[in-house]
Amino acid sequence: MSEPTAPRVSAMSALRRQALRHHLMNEIERPARRPRRMLVLAPAAGVLAVAVSAGAIAQPWAPDSAPLIVTVEHGERSGATLLLNRMAAAAADSPDPSSAEGEYVYIRSRGAFAELGDGPARLQPVREREIWIPRNERGDGLLRQPSFNVPIIGAIPERETLTDVIPNAALVDLPSNPDALLEKLYRERDERGRGNSRAGAAFTAIGDILRESLVPPQTTAALYQAAAKIPGVEVVRGVTDAAERRGVAVAHTERSRRQEWIFDEQTYEYLGERSYLVADTADGPAGTVLSTTAVLQRAVVSNLGQRPDR
């Protein structure tokens, strides 16, 4: 009997399909030894995971290590708008990384994600990740990471076949006006009718684009300006990403979980993400880390599977 195939979902927005693809890629990584636990539906960019607690950097975690706990720092809501608007101005004046010639966007990263559902959350082992995304037309894409080398098809992985991947251009074809951009994200959330709040869904959608796309400067600026208008956005300082790079975070908290985008404090370069609990829950005490990531390289390459110079 042949394996069933998923129906096409062409009417689904590019942003939503990207998020589903990311989440499903992480769901596939669920270890067999913990069948009752649920993998955190965390960002798909992977990273070198490091424990950051009371200023100390620890080694990457073993599968059965204790939960990782970090200090829950106070977030500054008053400074978020100012920081994001400064970042937008800097982005608008930066060189365009998407102007390079080539057919694929290449992104290399490392990451660790937690399992939930059977006691305190514990991070999985660190995995390095490489992804190739078609730039302008639907076509073949590729995802590589240790013990997981699977092609991608839209939001659904399939064995040994690569077709119909959403191109990078579709993911970043967004309104240049931040108010219109934010309204588009809110509308897509309302059409789903479930999940995070409008603010939480918009924050997640912008994070998906920042994480695993190659974005023109004007689009990046619009994303930051739109993020500045999201209720509840905060600045968290003194944050260290999963590659031990210190920076400043733009954060949003919902359902006792804080999601952080981490940037270099001087250049505003995107470094990675981190999520953790800000209150005691069944998944662990406040400060329990649920995911940690760092983007290590972005480039444009000519061929599927080609690696740029490091």
Side-chain angles (χ1 to χ4, degrees), residues 14-30 39-49 97-98 100-113 124-173 204-216 219-220 223 241-243 261-262 269-273 291-310:
L15 289 175
R16 180 59 177 160
R17 291 190 68 185
Q18 182 195 42
L20 287 172
R21 182 187 70 197
H22 289 169
H23 295 341
L24 190 50
M25 288 298 126
N26 287 319
E27 183 69 12
I28 288 173
E29 297 174 12
R30 183 192 311 217
L39 191 68
V40 170
L41 298 185
V47 294
L48 172 63
S98 65
E101 294 184 0
E103 298 300 319
Y104 298 92
V105 170
Y106 168 87
I107 300 168
R108 179 170 63 92
S109 55
R110 296 174 189 163
F113 305 96
Q124 290 191 302
V126 176
R127 289 192 173 98
E128 183 158 321
R129 170 189 176 95
E130 296 174 289
I131 191 168
W132 289 260
I133 304 168
R135 291 191 71 187
N136 298 307
E137 302 291 339
R138 287 181 180 270
D140 295 354
L142 182 65
L143 174 68
R144 285 180 177 169
Q145 56 192 32
S147 71
F148 182 51
N149 185 349
V150 177
I152 55 175
I153 304 177
I156 308 297
E158 196 172 278
R159 297 179 184 177
E160 307 302 328
T161 305
L162 293 170
T163 58
D164 203 28
V165 177
I166 300 172
N168 184 79
L171 299 175
V172 298
D173 183 18
T204 297
I206 293 173
D208 286 342
I209 298 169
L210 296 175
R211 181 185 319 112
E212 218 160 57
S213 302
L214 196 62
V215 183
T219 302
T220 301
L223 290 168
D241 82 346
W261 310 330
I262 304 172
E269 176 189 2
Y270 175 90
L271 301 179
E273 292 192 12
S291 68
T292 178
T293 71
V295 174
L296 305 178
Q297 188 176 17
R298 299 179 197 258
V300 175
V301 297
S302 299
N303 301 308
L304 187 65
Q306 177 185 352
R307 292 184 173 96
D309 295 335
R310 296 190 179 183

Original post:
How long is the gap from OG1 on T219 to CG on L210, to the nearest 0.5 Å?
Top reply: 11.0 Å
Subject >> Shortest non-hydrogen separation from V295 to R211 and the atoms involved >> reply: CG2-O, 3.8 Å
**OP:** Supply the atom-to-atom distance E130 CD to I107 CD1, rounded to the nearest 0.5 angstrom.
**Re:** 11.5 Å
**OP:** Hey, could you give me the CG/CD1 distance between L304 and I133, rounded to the nearest 0.5 Å?
**Re:** 11.5 Å
**OP:** To the nearest 0.5 angstrom, please state how far the CZ atom of R144 sits from the CZ atom of R307.
**Re:** 5.0 Å
**OP:** Of all the heavy-atom pairs spanning L223 and I209, show the shortest one and how long it is.
**Re:** CD1-CG2, 3.8 Å
Original post:
Does the pair F113 and R127 meet the rule for a side chain to side chain contact (heavy atoms under 4.5 Å, CB included), with working shown?
Top reply: CA-CA 9 Å; F113 305 96; R127 289 192 173 98; over 6 Å; no
Subject >> Least distance between heavy atoms, Q306 atom then W132 atom >> reply: O-NE1, 2.7 Å
Subject >> Sub-4.5 Å side-chain heavy-atom contact between R138 and P167 >> reply: yes
Original post:
Would you say the side chain of S302 lies within less than 4.5 Å of the side chain of Y104, judging by non-hydrogen atoms?
Top reply: no
Original post:
T220 and V215: which non-hydrogen atoms are nearest, and at how many Å?
Top reply: OG1-CG1, 3.3 Å
Subject >> Atom pair CG/CG of L142 and N303 - distance to nearest 0.5 Å >> reply: 12.5 Å
Original post:
Who passes side chain to side chain contact (heavy atoms under 4.5 Å, CB included) against Q297, sequence neighbours left out?
Top reply: Y106, R108, P308, R310
Subject >> Side-chain (W261) to main-chain (Y270) donor-acceptor, under 3.5 angstrom >> reply: no
Original post:
Going from CG on L296 to CG on D241, what distance comes out if it is rounded to the nearest 0.5 angstrom?
Top reply: 8.5 Å
Original post:
Under 3.5 Å, side chain of R298 to main-chain N/O of S213, donor-acceptor pair present?
Top reply: yes
**OP:** Check side chain to side chain contact (heavy atoms under 4.5 Å, CB included) between E103 and all other residues, then give those that pass, not counting sequence neighbours.
**Re:** none
**OP:** Could you tell me whether the side chain of T292 and the main chain of A112 form a donor-acceptor pair under 3.5 Å?
**Re:** no
Original post:
Which heavy atom of P216 sits nearest a heavy atom of S98, and at what distance?
Top reply: CG-OG, 3.7 Å
